[in-house]
Amino acid sequence: MKTLLRLDSSPRGERSHSRQLTGLYTQTWQQAHPDGKVVQRDLGRQPVPLVTEDWIAAAFSNPADHTAEQQAAIAVSNELVDELLAADELLIGAPMYNFTVPASLKAWIDQIVRVGRTFEYPSYKGLVSGKTATIITARGGAGYGPGEAMAHLDAEVPYLKSILGFIGITEVAVVYVGSLAGSDEVRQGSLEKAQSEVQKLAAR
Ligand SMILES: Cc1cc2nc3c(=O)[nH]c(=O)nc-3n(C[C@H](O)[C@H](O)[C@H](O)COP(=O)(O)O)c2cc1C
């Protein structure tokens, strides 16, 4: 039985294009994997905490020595890491915010990049092996794709690929959904193209 971990990082509900597309991906994936399990994390609407001083102290010390505050701070991270390690596939709905990921997604990343759990130190070897990821990135503007005019401003997909690769997830597919602030016709065309890409990827 396969497990899909779906992350949504838009704070928007039904208006969110990335969320509509992660929904379509999930639906198609469930048809292709009738016995599969979907675990959903709504980072946009129920954000995970930012790291704190207690979190940092706990992440880099022996659990046997943790204070009650440190135990509480690292418990969320342990749960999120366990959830990631238990998944076979990761699906990330990622709006572009100011050329990069929304803070809600960055907060999740800070919680799951953990020494001894998702990467090894000092070798910097990723410990999250045997998983694939799909990123669905929604943008108001256009031209950020590889080789396009705004590509140099995209600090989102290159960053997500780097950090996923760092923890060991190197098989990453990306669906770019641009021009969402364009005319109805342009937006519709962009969404239809993305829907077809999403359905193909989810049915793999
Ligand atoms: C705070 C904020 C920052 C944004 N920054 C960018 C940006 O840098 N580039 C861009 O093309 N669109 C930008 N947008 C537009 C969003 O990427 C676009 O509305 C996208 O559809 C949001 O995802 P969602 O529909 O899943 O909520 C921004 C939107 C917001 C609210």
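Just so it is clear, the model here is predicted, and its values are computed rather than measured. Every number for a ligand or one of its atoms is a count from 1 in the order of the listing.
Taking NE2 of H17 as the reference point, atom OG1 of T137 lies at 12.5 Å (rounded to 0.5 Å). Taking CG of L191 as the reference point, atom CG of L24 lies at 11.0 Å (rounded to 0.5 Å).
The nearest protein atom to atom 5 (N) of ligand 1, hydrogens excluded, is given as N98 N, 2.8 Å; this is a heavy-atom distance. Nearest to atom 28 (C) of ligand 1 among the protein's heavy atoms is M96 O, 3.5 Å. Counting only heavy atoms of the protein, atom 8 (O) of ligand 1 lies nearest to F99 N, 2.9 Å. What sits closest to atom 11 (O) of ligand 1 on the protein, heavy atoms only, is G141 N, 2.8 Å. In terms of protein heavy-atom proximity, atom 20 (C) of ligand 1 is closest to A138 O, 3.8 Å. The protein heavy atom nearest to atom 19 (O) of ligand 1 is R12 NH2, 4.1 Å.
Considering both main-chain and side-chain atoms, Y97 never comes within under 3.5 Å of ligand 1 through any nitrogen or oxygen pair. Residue L180 places no N or O, backbone or side chain, under 3.5 Å from any N or O of ligand 1. Taking any N or O of R19, backbone or side chain, none lies under 3.5 Å from an N or O belonging to ligand 1.
A salt bridge is absent between R6 and D42; no separation between the charged side-chain nitrogens and carboxylate oxygens falls under 4.0 Å. By the 4.0 Å N-to-carboxylate-O rule, R139 lies close enough to E156 to be salt-bridged with it.
Side chain of S190 to main chain of V186: no donor-acceptor pair is present (N/O by atom type, distance under 3.5 Å, no hydrogens or angles).
Taking 4.5 Å as the limit, every side-chain heavy atom of E148 sits out of range of all side-chain heavy atoms of D154.
Tested against I92 for a side chain to side chain contact (heavy atoms under 4.5 Å, CB included), the candidates T22, L164, I136 yield a single pass: L164.
Annotation for E171: atom CD does not count as buried by contact number, only 12 or fewer foreign heavy atoms lying within 6.0 Å. The local environment of CD1 in I56 is crowded, with over 12 non-hydrogen atoms from other residues, nucleotides or ligands closer than 6.0 Å.
Per-residue contacts place G140 under 4.0 angstrom from the following atoms of ligand 1 (heavy atoms of the residue considered): 10 (C), 11 (O), 12 (N), 15 (C), 16 (C), 17 (O), 18 (C). Those atoms of ligand 1 with a heavy atom of Y144 less than 4.0 angstrom away are 9 (N), 10 (C), 11 (O). Those atoms of ligand 1 with a heavy atom of P95 less than 4.0 angstrom away are 22 (C), 23 (O), 26 (O). Which parts of ligand 1 touch H17 is read off a 4.0 Å heavy-atom cut-off, strictly below it: atoms 21 (O), 24 (P), 25 (O), 26 (O). Distances below 4.0 Å separate heavy atoms of S10 from the following atoms of ligand 1: 24 (P), 26 (O), 27 (O).
Looking at Y25 and Q20, their side chains never bring a donor and an acceptor atom within 3.5 Å of each other.
Within the 4.0 Å heavy-atom criterion, both parts of R139, backbone and side chain, lie near ligand 1.
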